[in-house]
Amino acid sequence: MEHEVTGLAAAETIPARCDKVALGIGREQLDLFFPLLQRGVAVQAELGCPLRELLCGQFGIPGDYVEGRITTIFLDNHPVDDLDRSLIREGSRVTLSAAMPGLVGATMRRSGFYAALRQGISHAETAGDIGAGQGTVRLKLFNLLLPELGPLILARGILLQRDEMDRLLGDLGLGSRDCDTASESCGGGAGGGILLRVTVGN
Amino acid sequence: MDKIARIDMGAQGGPKVTVGPLGEYAGLGGRAMTSLVVAAEVHPLAHPLGAENKLVISPGMLSGTTGSMTGRLSVGCKSPLTGTIKESNAGGQAAQVLARLGYAAVILEGKPTTEDLYKIVINKDGIQVIVDNSLKLMDNYPLVAKLRGEYGDKVAYMTIGSAGERKLLAASIACTDPELRPTRHCGRGGVGAVMGAKGVKAIILDDAGMKMRPPVDPDKYRDANRKFVEGLRKHPVTGEGLPAYGTNVLTNVLNEAGGYPTRNFKSGQFENASDLSGETQAALEIKRGGSATHGCHRGCVIQCSGIYNDKDGNYVTKQPEYETVWSHGGHCGISDLDTVAKLDYMDDNIGVDTIEMGVTIGIAMDAGLCEFGDDAGAIRLMEEVGKGTPLGRVLGCGATVTGKVFAVERVPVVKDQALPAYDPRAVQGIGVTYATTTQGADHTAGYAIATNILKVGGDVDPLKTEGQVELSRNLQIATAAIDSTGMCLFIAFAILDQPETFQALLDMLGGFHGITMTGDDVVALGKKVLSAERDFNTRAGFTKHHDRLPRFFYNEPIAPHNQTFLMKDEELDEVFNF
């Protein structure tokens, strides 16, 4: 039996109207979001731009942090070497990781000395069918980047299904009364969902 | 470390101990010692479980000193699993204690003519070999508990469980950690079966009255060690990633790369990988009052291990490593960390290699003995191994034997040793090492990622395909050298990125022995070890045709990249041209 890990589900595209939910949590509650963030969350993005622009320009991650800390990046399961020549499309799966142990960990490093060892799966940009405008990408955070980038990504907003939101609130020991909710235009395609913005306190 | 002990277990009248000078083996340690002794003294066609084989136990060149990360112990012999030469190493306390007792090697020779079971006590007064049949068929945890009652808590224990006594081909040798748990294993290649064949159940190492090994140049050694530790602590892998999450931090990354072998190598991704990840595991360990940060031996600053408790806060096992979580997890379609932890405990207790056993259970699942994802079924199969039933003996003899008995076509082995947790179709370069290493499929054989600093064999363009063969060769040479120092291989990350940390390692070696060491010296040592191993294997009947991956890697594309293994045979044959 083949089990394929799927990418962005149809229901995760940006709904025309959605509930925008604002939530404040304490720092000690941040790790409750880590399972979600390592499985991947849908986030809004301007499409057609290079990966570096997504990370620095849109997400607001400092350039030196991207260079020095996010040493392993995957785009649609392909290890990325060149951030400026890897383009973002609707439904792109972007995964960010710090440096990893092991020979294979070193092999996956961006432009690393051992990149040849995984040459067959390295990302190669085709530049075709890029598309433009607003859309969604699926973002995963791993290991050291979970506590470091998690607050920034959560503050920017993640797209959730209603049952995901209910589970999350349950884990946090909260109910919908604890959230500030407004229904408004989110842009993008059809479907229902929630744009959750989380502020992490000290 | 100025002496070698030889214990002839088959001597007339009972085991005979001879302690002598180092002779031609002077200056060696770890893998260099074990492989050069086996290559010189073991008949290459000897039966691995017979009297002609030898079990060589050797601490690293820097073990027993105040140096950090120096606690790896090497065990070598002709492998009953692969038929090749074998070096299997582990952490724990044994290397430090044995080195402080002054032994560069303890060599078990011969074979007892009776069914008696022995324990060997090594202390400052010498070596005693004692019959103790009360230990028969005890597994490692109760065995160590019983030995602690007699020899106390200020010693190190090396033991075999019931699998070693039964001479199962996946049997390991356990070394106790600082808390005297039998959790660190010389796992690969069936070295535990060779110890069992020698009739030795336990080795008790007591360094009471002994001191740290003194360096020739104490100031240089101390200064180099300080810089070395600073380098390890400031590096993101050795100073942050490994202490926080352990080696299992690789699960998410390998799965994302499509190189995480799933359900006996049928897919490169597991849909429940995040349930098994190091991030999930570490959070669970902390929540349950265990620990995600723990050293396997004193003097370790990386602390990549941990303590795994059950939901009630009771100890289950040490933190399962990435390869274990994979072999018992995704490889078998299992996504429950508690199940993986229980299987890890059973491996340690029975005394079997976690990679070989996990891969074997996956093959058994492929054969229909239970379904992929059947947690209870996997535990039941492990219980068969522990009981020594006919089925358990088949499983305990590893992937190749199990595949043959149950007519499974997809058996992921090289030279009859199970592949570790990286699919060579996604990461082609590691397939080169799997295929060509002298040890059978082994991810650590090409692990010392410092070849760019060592310049082993010159500069390589990492963006060219042909670079993969040269990189694998260089990695194997560098690894053979690091394995000889007694240093944990995980130091390689800091060495790769920080030339000053590599220089500190050279200065530690030089300061300890009173010489000046260069990268060329390290390379020469690695080549010497690999050449001796390769020569032994050739004399044992191995040819280039054994340096291949199983055919299914060439024939079955794997998702998500739909790739097969593309390296040509002629390219693989170039790896050992040095």
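Numbered from 1 within each chain, the chains take letters A, B, ... in sequence-line order.
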Given heavy-atom pairs under 4.5 angstrom as the criterion, report whether the side chain, backbone, both or neither of [X] touches chain B.
X	result
A/Met100	both
A/Asn143	both
A/Phe142	both
A/Ala98	neither

**Request:** To the nearest 0.5 Å, tell me how far A/Thr95 OG1 sits from A/Leu141 CG.
**Result:**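 Taking OG1 in A/Thr95 and CG in A/Leu141, the distance rounds to 9.0 Å.
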Any side-chain donor near an acceptor of the partner, [X] and [Y], under 3.5 Å:
X	Y	result
B/Glu556	B/Thr564	no
B/Ser277	B/Thr251	no
B/Gln319	B/Asn248	no

Does the distance from a Lys or Arg side-chain N to an Asp or Glu carboxylate O, for [X] and [Y], drop under 4.0 Å?
X	Y	result
A/Arg118	A/Asp81	yes
B/Glu574	B/Arg473	no
A/Asp84	A/Arg52	yes
B/Glu371	B/Arg263	no

**Side chains of A/Thr136 and A/Glu90 in contact at under 4.5 Å (non-hydrogen atoms)** =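 They are in contact (side-chain heavy atoms under 4.5 Å apart), so the answer is yes.
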**Side chain / backbone / both / neither for B/Leu566 at chain A, heavy atoms under 4.5 Å** =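 For B/Leu566, no heavy atom lies under 4.5 Å from chain A.
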**Prompt:** Tell me, side chain or backbone of B/Ala257 under 4.5 Å from chain A's heavy atoms, or both, or neither?
**Reply:**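 Contact with chain A: backbone and side chain both.
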**Prompt:** Is the B/Tyr422 to B/Tyr434 ring centre distance short of 6.0 Å?
**Reply:**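 No; B/Tyr434 has its ring centre 6.0 Å or more from that of B/Tyr422.
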**Prompt:** Between B/Glu256, B/His561, B/Glu279, which residue shows the highest count of heavy-atom pairs closer than 4.5 Å to chain A?
**Reply:**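 Between B/Glu256, B/His561, B/Glu279, the count favours B/Glu256.
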**Prompt:** Using a cut-off of under 4.5 Å for heavy-atom pairs, which of A/Val104, A/Asp31, A/Thr72 has the most such pairs with chain B?
**Reply:**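 The answer is A/Val104.
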**Prompt:** Listed by residue number, which members of residues 233-242 of chain B have a heavy atom under 4.5 Å from any heavy atom of chain A?
**Reply:**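 Residues in range: B/His235, B/Pro236, B/Val237, B/Glu240, B/Gly241, B/Leu242.
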